Amino acid sequence: DSSLLLLQEGIESGAAIAQFEQLYRKKPGLTVNVARLDANVNKNRYRDISPYDQTRVVLKNSINGDYINANYVNMEIPGSGIINRYIAAQGPLPNTCTDFWQMVWEQQSSLVVMLTTKVERGRVKCHQYWPQLYETEDFGALQITCVKEEETPSFAFREFNLTHVETNEERHIRHMQYIAWPDHGVPDDPSDFLHFVVKVRQARQAMVEPTIVHCSAGIGRTGVLITMETAMYLIEANQPVYPLTIVRQMRDQRAMLIQTSSQYKFVCEAILRVYNEGLVKPVEDFRR
Ligand code: PTR
Ligand code: PTR
């Protein structure tokens, strides 16, 4: 594929990184007014990371108001009819866990992907917003039980049952956590990372509701994951892969996705590897 040859050259010459560094981090013209309201400032983990008003997830039935630091990010795969739907969010704070679960419920999501640990280098990156294995915790109108937990050195896979205490409706949620990936950094092992993305893709199959993806700020690592998955779909759909176009498409929906040049380089190299090693192949007559 000529787009991937171009990418290979761009990585080798450094031109790809230079282009990434010139790309806008926030789309001009979009606003972040709701995030800045007095009632909402303590719901933001970082002062400099705010969701656009235009694409923010608006809570419908939260006791704390309609604001959460999260955006819809829809990634269209041209020529395939597919639109992959995500919600990119910050890691919950102690005072936003109930809002987070309310969002999961209202958006009918059945998959939460977490790309951070709770603490990194002695700093809290994300509150533990889920109960321990076999325990039940109440979050507003939702009662959550952890029914399964499996850990490997790099990942943790959990399952939760959610019950709406007013209607008694029950749902099942999968939780996939990538443990070995520090913020501002890249995964320790690209094979592990690709393995994880493949697992996320399997879990997402046939899901029309958005997948919720979060790290600590919900921009750096979240952006890398969405870029990688989008590239895999493009390869399968026999479409050119221009990572910068993917990043622009993401940043038009949530600011700053993919935080550092090394994260960008990492994901570009992972895309080339997937293509060159045939880990993902063009699908004949791509239709779903
Ligand atoms: N960029 C941050 C700021 O604008 O304040 C500084 C910062 C850097 C914050 C690294 C957190 C960082 O990660 P850690 O908490 O893991 O050191
Ligand atoms: N002010 C923080 C900083 O610049 O360090 C915000 C921030 C924190 C940005 C973490 C990105 C971070 O990484 P991630 O989005 O992968 O959690």
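All ligand and atom numbering here is 1-based and tracks the order in the structure. The structure presented is a predicted model; accordingly, all values stated were derived computationally and were not measured. Along the sequence shown, residues are numbered consecutively beginning with 1.
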Got a donor-acceptor contact below 3.5 angstrom from the [X] side chain to the [Y] backbone?
{"X": "Glu120", "Y": "Lys125", "answer": "no"}
{"X": "Ser109", "Y": "Pro210", "answer": "yes"}
{"X": "Gln177", "Y": "Phe157", "answer": "no"}

What do you reckon, does [X] have a nitrogen or oxygen under 3.5 Å from a nitrogen or oxygen of ligand 2?
{"X": "Ala217", "result": "yes"}
{"X": "Tyr46", "result": "no"}
{"X": "Thr222", "result": "no"}

Numbering the atoms of ligand 2 from 1, which are under 4.0 Å from a heavy atom of [X]?
{"X": "Ile219", "answer": "9 (C), 11 (C), 15 (O)"}
{"X": "Gly220", "answer": "14 (P), 15 (O), 16 (O)"}
{"X": "Arg221", "answer": "14 (P), 16 (O), 17 (O)"}
{"X": "Ser216", "answer": "17 (O)"}

Of the listed options Gln90, Gln259, Arg123, closest to atom 9 (C) of ligand 2 (non-hydrogen atoms):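 Looking at heavy atoms only, the winner is Gln259.
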Centroid separation under 6.0 Å, is that true for the rings of Phe100 and His127?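 No - the distance between ring centres of His127 and Phe100 does not fall below the 6.0 Å cut-off.
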So, for Phe160 and Trp101, is the gap between ring centers shorter than 6.0 Å?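 Between Trp101 and Phe160, which both carry aromatic rings, the centre distance is below 6.0 Å.
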Measure from NZ or CZ of Arg204 to the centre of the six-membered ring of Tyr86, then state whether that distance is under 6.0 Å and the direction lies within 45° of the axis.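 Judged by the rule (NZ or CZ under 6.0 Å from the ring centre, within 45° of its axis), Arg204 counts as positioned above Tyr86.
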